[in-house]
There are 2 protein chains.
Amino acid sequence: MTSKKEIQEQRVRGYFIAATKEILKSEGLKSVSVRNIADRAGYSFASLYNYFKDAKELVFLCVKDFREECIAYAQEKAASKPAGAKHLKAVTLAYLEYFIQYPGIHDLFFNEKLSDIGHTGDTTSLVVSLLETLSESDWQHIAKHEKLSGKEVGHRQSALLLGTTGILSLYLNRRYPATYEAFLKQAGNFIDQQINQAK
Amino acid sequence: MTSKKEIQEQRVRGYFIAATKEILKSEGLKSVSVRNIADRAGYSFASLYNYFKDAKELVFLCVKDFREECIAYAQEKAASKPAGAKHLKAVTLAYLEYFIQYPGIHDLFFNEKLSDIGHTGDTTSLVVSLLETLSESDWQHIAKHEKLSGKEVGHRQSALLLGTTGILSLYLNRRYPATYEAFLKQAGNFIDQQINQAK
DNA sequence: TCAAATTTTGAACAGTGTTCAATATCTTTG
DNA sequence: CAAAGATATTGAACACTGTTCAAAATTTGA
């Protein structure tokens, strides 16, 4: 009967995680500090170390939740579009929108260096596979419809991941392009270019 | 005759800048601190504030120098290739290599948030125009040779910027792909794909 | 109830950035 | 040349980081 203790422990861990998620969404990664998290959770800063190795571990536990939220957001936004190129474009744009909405989560997913090598691999695959998960079925649809080779599809899929990563990085870190309208136009152009290119 | 004072002031500023560049190249952005810079420059940490607003201003003064260094490196590396697609690919790969060699400079160019809005615009254009500067003449050569429209060239050029930015971000921040060989292969594939695509 | 186990906590230390008054050094002038 | 003034340099001090650890508070079990 150790479950009673474990249940309570998990509950407290949940309070810390919820507090961290709040801070990441509202103020971003730069406002995440041991004392800030503990204050919101209703505990002393020292208590955090009884449940987590440090604040970084806490932060990266949020990645999985945000990933799920992003998938739900993008799928809901693109639900009305027919499978294939149109749905692929919609889902990709919604994916971009999610990170524009929460720049702190983008930082967390793409910028933050991961010191713990143990956790690094997991987080990286979670991040990299996100767009793949969202677009997988559409690419299959396109491949079948346009009679493309698996290799060719892989190349286009890869190009879309690389390009969208760059688009987000430049817009959120460098304010390039300068306006959201220009950003959307550039994103739309790039997506069309990669989907429709004829080899 | 205020020039004597200005000369000396510029000299001291140069000492701080040189110290900052050393740290950025060797230990990276995370090791840049007011006390660390001042120690290397041979001054007290407080003196730094007599010449610069803060350490960030100092860091971003290094951007221009690194930009020049990157251009020289890439042009030298690609010098033997004939103008056009081959030179474009070589110069782009060398551009990537430069940032792989100095991850701290990549951080500085693409990740670091810029608080001072006054300096932001300048830095952004310096960063964004780097690859354009390196590839401009090759794109003109390709456009002439393949009879492409200016719009079409612009789209491909933009795609190359976005994709290479994503490639660097994923490899340096997320260790994706896991090996340098895979990174080079992915980069080569992407560059070929963007240069040779037939609309 | 009371002792034992456990959780919670604040003090303390070593780092950050930043400001400011005191100190040291040059420069000018009488 | 020496005193006075201007300028450059500096360390103390403050507020913030992360982290550890022994003491205090709490819960648990007999």
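Chain letters run A, B, ... following the sequence lines, proteins first, then strands; residues in each count from 1. Side chains included, hydrogens not; waters and symmetry mates left out as well; all remaining heavy atoms used.
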Parallel, tilted or perpendicular, as decided by the 30° and 60° cut-offs, for the rings of Phe16(B) and Phe52(B)
perpendicular
May I ask you to test the Ile71(A)-Gln75(A) pair for a side-chain heavy-atom distance under 4.5 Å?
yes
What is the distance, to the nearest angstrom, from the CZ atom on Phe52(B) to the P atom on dA8(D)?
14 Å
Between atom CG in Leu48(B) and atom P in dA8(D), what is the gap in whole Å?
15 Å
Euclidean distance, atom CG of residue Asn50(A) to atom C1' of dG10(C) [Å, nearest integer]
13 Å
Find the distance Lys56(B):NZ to dT18(C):C1' and express it as a whole number of Å.
13 Å
Verdict with reasoning, Ser129(A) to Arg67(A), per side chain to side chain donor-acceptor pair (under 3.5 Å):
CA-CA 10 Å; Ser129(A) 71; Arg67(A) 196 191 116 106; 2.7 Å; yes
Can you tell me if the side-chain N/O atoms of Ser44(B) get under 4.0 Å from OP1 or OP2 in dT9(D)?
no
Nucleic acid contacts - residues 14-29 of chain B versus DNA chain D, non-hydrogen atoms under 4.0 Å:
none
Mind calculating the distance between CD (Glu9(A)) and P (dT28(D)) to the nearest angstrom?
14 Å
Assign a letter to each nucleotide of nucleotides 16-23 of chain D from its 5' end: B, base within under 4.0 Å of a protein heavy atom; S, sugar-phosphate only; -, no contact.
-SBBBB--
Would you say dT7(C) has OP1 or OP2 under 4.0 Å from some side-chain N or O of Tyr43(A)?
no
Check whether any side-chain heavy atom of Cys62(B) sits under 4.5 Å from a side-chain heavy atom of Leu24(B), and report yes or no.
yes
Check whether the side chains of Gln194(B) and Gln194(A) place a donor and an acceptor atom closer than 3.5 Å, and report yes or no.
yes
Check whether NZ of the Lys or CZ of the Arg Arg13(B) lies under 6.0 Å from the centre of the six-membered ring of Tyr51(B) and within 45 degrees of that ring's axis.
no
Quick one about Glu97(B) and Tyr73(B) (side-chain donor to acceptor, distance below 3.5 Å, no hydrogens or angles considered), yes or no?
yes
For Lys25(B), enumerate each residue passing the side chain to side chain contact (heavy atoms under 4.5 Å, CB included) test, keeping only those at least two apart in sequence or located in another chain.
Phe66(B), Glu69(B), Tyr102(B), Ile105(B)
Would you kindly give the CD-to-P distance between Gln10(A) and dT7(C), to the nearest whole Å?
13 Å
With under 30° as parallel and over 60° as perpendicular, where do the rings of Phe99(A) and Phe110(A) fit, or are they tilted in between?
perpendicular
